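Okay, so here's the structure we're looking at.
Predicted, not measured: the structure shown is a model, and the values here were computed from it. Order of the sequence lines fixes the chain letters, A, B, ..., with proteins taken first and strands second; residue numbering starts at 1 for each chain. Below, all heavy atoms of this structure are taken into account, side chains as well, without hydrogens, waters or symmetry copies.
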Number of protein chains: 2
Amino acid sequence: MVSKTEEYALRAAVCLARLHGPGVVRSAEMARATGIPANYLSKILHQLGREGIVSSERGRSGGFRLVRDPADVTLAEVVAPFEPQVERNRCLLGRPECSDGNPCGAHLGWKKIRGATIDFLENTTLYDVIRADPDRNRDGS
Amino acid sequence: MVSKTEEYALRAAVCLARLHGPGVVRSAEMARATGIPANYLSKILHQLGREGIVSSERGRSGGFRLVRDPADVTLAEVVAPFEPQVERNRCLLGRPECSDGNPCGAHLGWKKIRGATIDFLENTTLYDVIRADPDRNRDGS
DNA sequence: GGTAATTCGGACAATTTAGTCTGATATGGG
DNA sequence: CCCATATCAGACTAAATTGTCCGAATTACC
């Protein structure tokens with residue numbers, strides 16, 4: 001339903017949101033806390049950097065930080081860079097054209113589900129997640 | 001959201017449902033009508049055969065047919081053999097445990113969407129699809 | 001019985017996704 | 001200045017998914 005890379009991006013962003021503050025978080029620390037392979041995480045963070053979701057400090061006391069407040073970052077934004085662009089709203093039955101005017105037999109039902117998913121991702125912020133998460137007070141170790 | 005193989009299985013099943021009758025449909029004909037690579041389709045049909053969704057006749061006038069009436073076959077049944085078993089309801093944030101009693105911050109919203117998807121697949125039959133599909137009277141070529 | 005047309009079924013190849021490794025670059029502190 | 005410790009970035013490897021190929025088994029028709 002959601003690729004592993006997208007899941008990793010969400011985990012990383014939630015982790016950063018939890019530790020959000022004036023300082024930066026080291027990527028190795030995030031890897032430990034989230035269980036994401038360290039080198040792969042670094043790739044994902046770098047991509048999120050290019051998209052303007054996170055920023056980084058280099059050098060000895062470097063690390064990553066969210067650019068905006070967690071309450072201003074939606075899950076959709078975090079996931080977007082890792083979605084295969086083309087296939088966004090393709091027909092469940094693989095028809096080349098499948099629209100409201102020219103729908104396949106599953107169009108209506110499938111559209112509802114796709115809509116609900118997008119709606120959820122676009123209207124849930126990182127803050128919403130950490131607020132609702134009982135893990136927020138536990139240590140990652 | 002749904003793998004290509006699962007999409008192919010649905011297309012193939014819908015195709016068989018459209019042509020449902022006493023006889024069988026040749027796999028090469030289905031490949032032409034659906035646009036699925038012929039050899040790959042044959043693999044998928046074979047798998048659907050093992051699952052008891054379709055049956056086949058071998059030899060010169062052989063082919064495939066739905067075992068049950070299209071109105072008795074749900075989309076969930078068609079897709080099921082091609083789902084990666086393990087990951088059925090995994091947490092959006094990748095937590096090892098994520099249940100109603102011990103939910104992650106995204107649990108509730110994500111559960112709704114997953115539920116709606118499963119509900120749709122389980123309560124939509126092949127007949128529902130071909131009844132609603134304007135393509136049902138067109139020739140596949 | 002032979003031949004053509006079909007499914008059966010696995011081996012193989014290509015593509016995409018996931019993950020690893022290595023070196024370059026930057027920064028703070030002795 | 002030099003070294004330890006970060007990020008940065010791309011090349012490389014591994015695994016999963018998708019797609020191809022080919023030979024064997026089966027059946028209808030001549």
(message) Taking the minimum atom-to-atom distance to the side chain of A:Y40, which one of D:dT18, C:dA18, D:dT27 wins?
(response) C:dA18
(request) With sequence neighbours left out, write down each residue that passes side-chain contact (heavy atoms from CB on, under 4.5 Å) with B:D72, or none if nothing qualifies. (result) B:R68, B:D69
(request) For A:Q47 and C:dT17, give me the distance from atom CD to atom C1', rounded to whole Å. (result) 14 Å
(request) Using only side-chain N and O atoms of A:S61, determine if any of them is under 4.0 Å from OP1 or OP2 of D:dA6. (result) no
(request) Evaluate the side-chain proximity of A:T74 to A:T124: yes if any heavy-atom separation is below 4.5 Å, no if none is. (result) no
(message) To the closest 0.5 Å, what do you measure between CD (B:Q47) and OG (B:S42)?
(response) 11.5 Å
Polar atom pairs (N or O), protein with nucleotides 8-10 of chain C, under 3.5 Å:
unit_1 : atom_1 : unit_2 : atom_2 : d
C:dC8  : OP1    : B:S56  : OG     : 2.3
C:dG9  : OP2    : B:H46  : NE2    : 2.0

(message) Nearest 0.5 Å, please: how far is CD1 in A:I130 from NE2 in A:H20?
(response) 9.0 Å
(message) Side-chain N or O of A:T5 versus OP1/OP2 of C:dT17: is the shortest distance under 4.0 Å?
(response) no
(message) Could you measure the distance from the SG atom of A:C15 to the CD1 atom of A:I36? Nearest 0.5 Å is fine.
(response) 8.0 Å
(message) If you assign A:A38 and A:R60 each to the DNA chain C nucleotide with the nearest heavy atom, which residue ends up on the more 5' nucleotide?
(response) A:A38
(message) I want to check one thing: is the phosphate of D:dT18, taken as OP1 and OP2, less than 4.0 Å away from some side-chain N or O of B:Y8?
(response) no
(message) Rounded to the nearest 0.5 Å, what separates atom SG in A:C91 from atom CH2 in A:W110?
(response) 10.0 Å
(request) Provide, to the nearest angstrom, the distance between the CZ atom belonging to A:F82 and the C1' atom belonging to C:dT17. (result) 13 Å
(message) In this structure, how many angstroms lie between the P atom of C:dA18 and the CD1 atom of A:I36, rounded?
(response) 12 Å
(request) Could you state the atom-to-atom distance from NZ of B:K4 to C1' of D:dA16 in whole Å? (result) 15 Å
(request) Take atom CD1 of A:I44 and atom P of C:dT20, then tell me their distance rounded to the nearest Å. (result) 11 Å
(message) By the 4.0 Å heavy-atom rule, please label B:G49 as base, sugar-phosphate, or nothing.
(response) nothing
(request) Take atom CD of A:E6 and atom P of C:dG19, then tell me their distance rounded to the nearest Å. (result) 13 Å
(request) Mind calculating the distance between CG (A:L41) and C1' (D:dT7) to the nearest angstrom? (result) 12 Å
(request) Would you mind reading off the distance between A:R26 atom CZ and D:dT7 atom C1', rounded to a whole angstrom? (result) 12 Å
(message) Once salt bridge (Lys or Arg N to Asp or Glu O under 4.0 Å) is applied, what residue pairs with a partner in residues 37-63 of chain A remain, sequence neighbours excluded?
(response) A:E57-A:R65
